[in-house]
Amino acid sequence: GHRHSGEWRNSCSKIMGEILLIEPFYGGSHKQLIDLLCAEIPGCVKIVLPAKKWHWRARTSALYMSQQIPRQHNFRVLFASSVLNLAELLALRPDLTPLKKLLYFHENQLVYPVRRHQDRDFQYGYNQVLSCLVADVVLFNSQYNQDSFLSSIQTHFNIMPDCRPKGLAEEISPKCHVLYFPISFPVRWRDCRDKGIKTSDNTASQAFDMARQPSETLRDEDTAHNLFLDEEKSKEENAQATATTSLHSVQSKHSCCEILTEASSEDDKEKIPCEKSPQGLVPPGEMRRNYNSEKCSPVCEESQIPPTSSNSGPCMPNESELSLDCRAGWNDRSKDEPLHIVWPHRWEHDKNPELFFQTLFELKAEGSSFTVSVLGQEYTDVPEIFAEAAERLKEHIQQWGHLAAKEDYYRLLHQADVVVSTADHEFYGVSMLEAVYCGCYPLCPNRLVYPEIFPKECLYNTPQQLRKRLRDFCRRPQLARRHSVNLDIHQYSWAGLAEEYKRLLQD
């Protein structure tokens, strides 16, 4: 008879990987981290779910994941994001309890902003505290993230009417460490710009994401780093779970990994053709080109970037290459060109797009000259301000919407002058660091994680200060273009963090 889509997983051959990576919300920085670890550290097996319906992932993913993780395995280490209720998973799968359990906080729910106090769901923060109690090591992507979490535990539990537990922060604190999110910065811009931009994300091609049913023969095209979707199943059934291993450790690509489930990914969606929308804007996912072309040719073909067998290859980063002066000498712009402002954040309320656009509305009313690129991903509920801004700022817009190709994304950042954050919530800020690496001058709120990372001259305290700084840059764009930011970018790069990640996962 017909076998349930999950039943064969437990009957397949023993999974040989030793590092189990679990991500219930496989999108954005969560996806970047999992993909990077799979590409760079041998022996990883990833089990992930699509980045949708976050609230349901946080509530229910442990049960589903417990059914997807193979019963026969050689796992030594379990690495999961704090979206997962680790306590529930271990209760459902006690065989995983002896593993070294690492819990990674991209964000914490104890101080995550909500539009109304009554909207805060006690259970999300409660689940994260439970996960910390059963984890062996608790990792935070910034000191601000760690401090705000530990200092808010007691306040969070004070919501309980009675029988409140005590001493939780003191019990969790010794397990906690700050481990910055490792950004795959593009490298050797001067060498790669003529042929397209090579980013260290391309090292994903050094790993095989093998997607196949047990009875199928593995095809060469199955080794691509994109994930695959079984169209006969619903999106919910297409949980993403693939075993990966670094290419340099592979002796035979047909014997190194086993598939756990089929896969779906945003990367599998067809790209939108480079046609202007009715508003005259470039559609999300594509970049306005500076040259005439009827087709959207990729900036950097995969075939142009042969995989290397080690981190010492010609396009891998070293400390001297991770320089903030990466635009010098090839992207000099005329002082008459208007200031190019970029806002590269999720299109959600916690990033406070209202403040950003209101500032631009005021600059426009004053007659300031500027262009703007609004990047970042859209989700189900897009704030209304985006539609208003698209209309009111249409003559200023350079790019509107998410750029699917990382090469296009970095190329646009290199063409921009100032990157702005107006966030009400930020525990790290990958997009801000990427933009600064590409030569943008950062303007950030003087709160949240930003004072931990950026020098004080890049911080503003009030909306009025933000508007004044942007007005000055609009009047004299060369002030932004010839800036120097005192920031050690290396400490936020994979090159600078790889050793610590490998120690935690491999020792």
Side-chain angles (χ1 to χ4, degrees), residues 28-30 32-33 36-37 79-83 86 101-113 124-125 128-129 131-133 135-156 167-185 319 322 324 345 350-352 419 421-437 442-461 485-505:
S29 61
H30 294 233
Q32 290 179 41
L33 180 57
L36 182 60
L37 296 178
F79 180 97
S81 80
S82 60
V83 178
L86 184 59
K101 299 170 288 296
L102 309 176
L103 186 69
Y104 194 88
F105 276 74
H106 293 268
E107 59 277 314
N108 79 73
Q109 293 301 312
L110 301 189
V111 294
Y112 200 94
Y124 298 136
Q128 289 188 329
V129 171
S131 294
C132 289
L133 291 171
D136 299 308
V137 180
V138 182
L139 303 168
F140 292 86
N141 61 356
S142 68
Q143 191 68 50
Y144 166 74
N145 195 359
Q146 176 178 305
D147 292 348
S148 63
F149 179 79
L150 292 174
S151 64
S152 300
I153 290 177
Q154 192 57 53
T155 302
H156 188 72
L168 296 176
E170 292 76 13
E171 183 175 351
I172 293 170
S173 181
K175 305 179 182 183
C176 296
H177 305 274
V178 174
L179 183 58
Y180 288 130
F181 178 92
I183 303 176
S184 295
F185 291 113
E319 188 166 2
L322 293 171
L324 295 187
H345 311 288
D350 64 295
K351 299 303 182 182
N352 199 357
V419 60
S421 170
T422 47
D424 289 330
H425 143 257
E426 192 58 79
F427 294 107
Y428 189 65
V430 172
S431 61
M432 291 297 292
L433 284 166
E434 288 175 328
V436 170
Y437 175 80
L443 290 176
C444 318
N446 189 16
R447 50 189 168 78
L448 308 172
V449 73
Y450 295 118
E452 180 180 338
I453 296 176
F454 295 99
K456 122 174 127 169
E457 60 267 23
C458 299
L459 307 176
Y460 63 87
N461 293 303
V485 178
N486 183 23
L487 177 63
D488 177 16
I489 207 77
H490 182 72
Q491 65 180 315
Y492 308 109
S493 71
W494 174 249
L497 293 164
E499 184 177 348
E500 182 63 14
Y501 275 91
K502 290 177 180 178
R503 183 188 68 80
L504 284 166
L505 290 172

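Numbering starts at 1 and runs along the sequence shown.
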> From H490 NE2 over to F185 CZ, what is the distance, rounded to the nearest 0.5 angstrom?
10.5 Å

> Grab the two heavy atoms, one from L139 and one from F79, that are nearest each other, plus how far apart they are.
CD1-CE1, 4.3 Å

> Could you give the distance from CG (L36) to CH2 (W494), rounded to the nearest 0.5 Å?
5.0 Å

> Could you pull out the closest heavy-atom pair between S82 and L103, with the gap in Å?
CA-CD1, 3.9 Å

> To the nearest 0.5 Å, what is the distance between CG (L110) and OG1 (T155)?
9.0 Å

> Within the structure provided, determine whether R447 and D424 are in side-chain contact (heavy-atom separation under 4.5 Å).
yes

> Decide yes or no for P445 and Y460: does some side-chain heavy atom of the first lie under 4.5 Å from some side-chain heavy atom of the second?
yes

> Can you tell me how far apart CG (D147) and OG (S152) are? Round to the nearest 0.5 Å.
10.0 Å

> List in chain and number order the residues that pass ring-ring contact (aromatic ring centres under 6.0 Å, His included) with F105, two or more places apart in sequence or in another chain; answer none if no residue qualifies.
F140, F149

> To the nearest 0.5 Å, what is the distance between CD (E434) and OG (S184)?
8.5 Å

> Which heavy atom of N141 sits nearest a heavy atom of H106, and at what distance?
ND2-O, 3.0 Å

> So which atom in S81 and which in H30 form the shortest heavy-atom distance, rounded to 0.1 Å?
OG-ND1, 3.9 Å

> Could you check H345 against S421 for side chain to side chain contact (heavy atoms under 4.5 Å, CB included), going step by step and ending with a plain yes or no?
CA-CA 8 Å; H345 311 288; S421 170; 4.0 Å; yes

> Find the distance between CG (N145) and CG (L448) and round it off to the nearest 0.5 Å.
11.0 Å

> Salt bridge check: are K351 and E426 linked by an N-O gap of less than 4.0 Å?
yes

> Do S148 and N108 have a side chain donor and acceptor closer than 3.5 Å?
yes

> Is there a side-chain contact between S29 and Y428 (heavy atoms, below 4.5 Å)?
no

> Could you pull out the closest heavy-atom pair between Y180 and S142, with the gap in Å?
CE2-CA, 4.1 Å

> For residues 168-177, dump all side-chain donor-acceptor pairs below 3.5 Å to protein atoms at least two apart in sequence or in another chain.
residue	atom	partner	partner atom	Å
K175	NZ	C132	O	3.0
K175	NZ	L133	O	2.8
K175	NZ	A135	O	2.8

> Run the ring-ring contact (aromatic ring centres under 6.0 Å, His included) check on F181 and Y492 step by step: do they pass?
CA-CA 7 Å; F181 178 92; Y492 308 109; over 10 Å; no

> Taking all heavy atoms of P442 and all of V485, pick out the closest pair and write down the distance.
CD-CG2, 3.8 Å

> Contact between L433 and F454 at the side-chain level, heavy atoms closer than 4.5 Å - yes or no?
yes

> Salt bridge check, R503 against E500: does any charged N sit closer than 4.0 Å to a carboxylate O?
yes

> Step by step, work out the side chain to side chain contact (heavy atoms under 4.5 Å, CB included) result for E107 and Q128.
CA-CA 10 Å; E107 59 277 314; Q128 289 188 329; 5.6 Å; no

> Treating Y144 as the side-chain partner and P451 as the backbone partner, does any N or O pair qualify as donor plus acceptor under 3.5 Å?
no

> Sequence neighbours left out, what passes salt bridge (Lys or Arg N to Asp or Glu O under 4.0 Å) with E452? Give chain and number order.
none

